[in-house]
Student: 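Handing you a structure now.
Hydrogens, waters and symmetry mates are skipped; everything else that's a heavy atom, side chains included, is used. Quick caveat: nothing in here was measured; it's all calculated off a predicted structure. Letters go in sequence order (proteins before strands), and every chain restarts at 1.
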There are 2 protein chains.
Amino acid sequence: MGSSSNHLKRPTIHDVAREAGVSKSTVSRVLNNRGYASPETIARVEEAVADLNYIPQASARGLVSQQTNTVGFAVNDLSSLFMPPLLSSIESTIRTAGYKMLIATVGHQAESASDLPLGPHNTDGLVAFADAYSNRQIIQFCEQGYPVVLLHRSPPAGVECPCVNIENTSSTRALINHLIRVHHKRRIVFLRGPKDQQDSLEREEGYRQALEENDLAVDPALIAVGGFNADIAEQATHELLDASVPFDAVFAGDDEAAVGVIRALRDRSLSVPEDVAVVGFDDDYRAADIDPALTTVSVPFDEIGEEAAQALISYIEHGHITSKVVSTEVVVRRSCGC
Amino acid sequence: MGSSSNHLKRPTIHDVAREAGVSKSTVSRVLNNRGYASPETIARVEEAVADLNYIPQASARGLVSQQTNTVGFAVNDLSSLFMPPLLSSIESTIRTAGYKMLIATVGHQAESASDLPLGPHNTDGLVAFADAYSNRQIIQFCEQGYPVVLLHRSPPAGVECPCVNIENTSSTRALINHLIRVHHKRRIVFLRGPKDQQDSLEREEGYRQALEENDLAVDPALIAVGGFNADIAEQATHELLDASVPFDAVFAGDDEAAVGVIRALRDRSLSVPEDVAVVGFDDDYRAADIDPALTTVSVPFDEIGEEAAQALISYIEHGHITSKVVSTEVVVRRSCGC
DNA sequence: CTGAAAGCGCTAACAG
DNA sequence: CTGTTAGCGCTTTCAG
């Protein structure tokens, strides 16, 4: 491997030292401005650095300092629509703090340890999205004292670990209440997200609470799986229709799924919101522009990303462990009937 | 920095060697399966590795091997809607090839070299999106023999460098021809993307060619800046309307801008496509679901990402330099009048 | 088949 | 204020 054509050897600190007529340690000192150095020495070193176009090698620094100045971001799927704001805010926050960002999609399976994609061997800490890492792995990280911040999930029992979550239950309750009280919907479908995902569980809880509050029974026939995914939700909607389960509204679990539900409904010549109201969760990029404009719950992904990144940095640098639940808010548009 | 609570020291190769009763070199050999080792030695080492939960430290490996097994992806903006498929395909391709992915947004300004976010000091190569890096920097990378693959842009004059681009001109020409020939549009606005961006330039060229082909003059009053951005495009549309420039169609430059154009038109009580046809470029996530469904040009971002990643890997590992133009295709929906 | 020894590029005491 | 001296954890000749 690594046999490209013309590899000009990159200059080392030694070359800079020679060029500037000083020792390596002096060069190191001025580069990290640690300790004093005479103004003219500094100038000579800086000139040599510029001349040779010298940049210190990250692995050499990392080896001696035992820090990578890199943080990881582990996700299950990079292609979700809320990733752009999330990634963008995390990246900019950690960059401002002087770190680099290593990204990996983690399949929850490849945990043969030997090829852990992100961990203490290559990062100073990481943000773990939802169920990218297993409980076992998270516990192990915590016990090792390796900084991890959980995103969209809570710590496993018994470990203390910073996390940032969103408010799911009460906003879902408000959303469903709107459907029931304002639009007089009675048979509301709920589409679950991926199995055991905390957001999905909490949204289901909000759904149940709203029904209860209004003395509506929870009909198991109205609960299906949308997987936070348009295709799965589209399919699920068709199945509900095929089974002749009567319903007058759908809470799709998230916006992605809502798009699938709307497609299926249209396909069956049902109109939204007249025949069936559809609501989502996330208020993603497209929510305001699709037809009909989607009633949903807005989630400030950029704020979440910034909080998570900030929490990680403060954990890494000061050992502070801080958690946060960011609030969300119902956004009423046309798809609910308004 | 780095003073978290309870840092249990991670095991080193030395600990594994002691635990397994062999030397460090033997452990290294079995871990990288280089050279022979007796089956029982292998077993003992593997057991020790598992027991101690040992993972080799990336910087130590990198220092000695002079490879990081990491590639960079440099973008100007992580929050674009085509990032998810692009990131996802790049990440999965390079992960399959055994690399990690370091991501950075590069502001084209912070090139004080000393803090180059991605470069030979921390990666084995990188994919550079559009104008994330300046010509000067790209040339320097090439001269150093540092592998760079350009995405959505061509190499600066004089350097040879793999790149993957999309077909802009002919698909734009086809798109505009459709507006002219099928829908009899005569005054078609073109909204430029970011200054000097190659995609924007090529799309403008396609626009001009189509007009010429149909003996229509290019009216400078119909060319404005949409910046590949909804807000800017919305604003630009309002300005055109305010200036009473007559037009019957808009090619927004990309889908993002098209959404902004549609918003502005609606705001002025103009109907799309009846009063004004609107077309975009990219066929992003929302294009099919907005109102009206957007006529656009579909761009296979996942294919592009995979090609770029593949090109980079083959450059890094074999020194092969291969370029590619991926083809795009007009997708006719409702917003053009169909 | 395995161990000893050297060194990757850098930083961090410690003297001067 | 600056140079000398040790390593950081790992891979890799080179002997055995």
Student: What does B:Thr41 touch in the nucleic acid at a heavy-atom separation under 4.0 angstrom: a base, only the sugar-phosphate, or nothing?
Tutor: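 Sugar-phosphate only.
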
Student: What's the CG-P distance between A:Leu52 and C:dG9, to the nearest Å?
Tutor: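 My rounded result for the distance is 14 Å.
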
Student: Between the opening five pairs and the closing five pairs of the helix from C:dC1-D:dG16 to C:dG16-D:dC1, how far apart are the helix axes, to 10°?
Tutor: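 Result, rounded to 10 degrees: 30°.
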
Student: Under the side chain to side chain contact (heavy atoms under 4.5 Å, CB included) test, which residues partner A:Val64, sequence neighbours left out?
Tutor: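 Result, side chain to side chain contact (heavy atoms under 4.5 Å, CB included) vs A:Val64: none returned.
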
Student: What pairs with A:Arg29 under salt bridge (Lys or Arg N to Asp or Glu O under 4.0 Å), at least two apart in sequence or on another chain?
Tutor: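 So A:Arg29 forms no salt bridge (Lys or Arg N to Asp or Glu O under 4.0 Å) with any residue.
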
Student: Please identify each residue that fulfils side-chain hydrogen bond (donor to acceptor under 3.5 Å, both in side chains) with B:Gln66, with sequence neighbours left out.
Tutor: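 Scan of B:Gln66 (side-chain hydrogen bond (donor to acceptor under 3.5 Å, both in side chains), adjacent residues dropped) gives A:Gln57.
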
Student: Counting only side-chain heavy atoms from C-beta out, which of C:dC8, C:dG3, C:dC10 sits nearest to A:Pro56?
Tutor: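 It is C:dC10.
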
Student: Is the phosphate of C:dC8 approached by A:Thr12 (side-chain N or O, under 4.0 Å from OP1 or OP2)?
Tutor: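 No, no such contact exists.
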
Student: Holding to ring-ring contact (aromatic ring centres under 6.0 Å, His included), I want the full list of residues that pass it with A:Phe129, two or more places apart in sequence or in another chain.
Tutor: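 Expected list: A:Phe82, A:His152.
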
Student: In whole angstroms, how far is the P atom of C:dA6 from the NZ atom of B:Lys24?
Tutor: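 Computing the B:Lys24:NZ to C:dA6:P distance gives 12 Å.
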
Student: B:Ser154 and B:Cys163: which non-hydrogen atoms are nearest, and at how many Å?
Tutor: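 So the two residues come closest at CA-SG, 4.3 Å.
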
Student: With sequence neighbours excluded, tell me which residues meet side chain to side chain contact (heavy atoms under 4.5 Å, CB included) with A:Arg153.
Tutor: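 Partners of A:Arg153 under the side chain to side chain contact (heavy atoms under 4.5 Å, CB included) test: A:Asn135, A:Ile138, A:Leu150, A:Pro156, A:Gln198.
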
Student: Taking 5' to 3' order, which nucleotide of DNA chain D is first and which is last to have an atom within less than 4.0 Å of a heavy atom in chain B?
Tutor: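 The contact span of chain B on DNA chain D goes from D:dG9 to D:dT12.
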
Student: What is the separation between atom CG on A:Leu63 and atom C1' on C:dA12, rounded to the nearest whole Å?
Tutor: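 A:Leu63 atom CG is separated from C:dA12 atom C1' by 13 Å.
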
Student: Just checking, is any N or O donor in the side chain of B:Thr41 or B:Ser38 under 3.5 Å from an acceptor N or O on the other one?
Tutor: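 Judged by distance alone, the side chains do pair up.
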
Student: B:His14: what forms a ring-ring contact (aromatic ring centres under 6.0 Å, His included) with it, not counting sequence neighbours?
Tutor: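 Counting only residues at least two positions away or on another chain, B:His14 forms no ring-ring contact (aromatic ring centres under 6.0 Å, His included).
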
Student: If I take atom NE2 in residue B:His14 and atom P in nucleotide C:dA6, what distance separates them, rounded to the nearest angstrom?
Tutor: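 Answer to the nearest Å: 16 Å.
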
Student: Can you tell me how far P of C:dC8 sits from CD1 of A:Ile13, to the nearest Å?
Tutor: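 It is 14 Å, rounded to the nearest whole Å.
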
Student: Using the test side chain to side chain contact (heavy atoms under 4.5 Å, CB included), find all partners of A:Ala43 that sit at least two apart in sequence or belong to another chain.
Tutor: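 A:Ala43: no side chain to side chain contact (heavy atoms under 4.5 Å, CB included) contacts found.
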
Student: How long is the line joining CG of A:Asp15 and C1' of C:dG9, in whole Å?
Tutor: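 Roughly 11 Å, once rounded to whole Å.
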
Student: For A:Asp302, check salt bridge (Lys or Arg N to Asp or Glu O under 4.0 Å) against everything at least two apart and list the hits.
Tutor: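 Partners of A:Asp302 under the salt bridge (Lys or Arg N to Asp or Glu O under 4.0 Å) test: none.
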
Student: How is B:Ser28 classified with respect to the nucleic acid when contacts are heavy atoms under 4.0 Å: base, sugar-phosphate, or nothing?
Tutor: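 Here B:Ser28 touches the bases of the nucleic acid.
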
Student: Shorter than 3.5 Å, N or O on both sides, protein versus nucleotides 13-16 of chain C: list them out with atom names.
Tutor:
none

Student: At under 4.0 Å, does any side-chain N or O of B:Gln66 touch on OP1 or OP2 of C:dG9?
Tutor: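 Yes.
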
Student: In whole Å, I'd like the distance from the CG atom of A:Asn32 to the C1' atom of C:dG9.
Tutor: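 Roughly 13 Å, once rounded to whole Å.
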
Student: State, without any angle test, whether B:Tyr146 and B:Thr123 hold a side-chain donor-acceptor pair at a distance under 3.5 Å.
Tutor: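 Yes, because at least one side-chain N or O of B:Tyr146 sits under 3.5 Å from a partner of the opposite role on B:Thr123.
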
Student: Under the side chain to side chain contact (heavy atoms under 4.5 Å, CB included) test, which residues partner B:Ile321, sequence neighbours left out?
Tutor: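 Residues passing side chain to side chain contact (heavy atoms under 4.5 Å, CB included) with B:Ile321: B:Glu160, B:Pro162, B:Tyr315.
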
Student: Closest-nucleotide mapping onto DNA chain C: is B:Ser65 or B:Thr26 further toward the 5' terminus? I mean the 5' end.
Tutor: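 It is B:Thr26, whose closest nucleotide lies nearer the 5' terminus.
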
Student: Which residue, A:Ala60 or B:Ile42, contacts DNA chain C at a nucleotide closer to its 5' end, judged by nearest heavy atom?
Tutor: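 In this pair, the answer is B:Ile42.
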
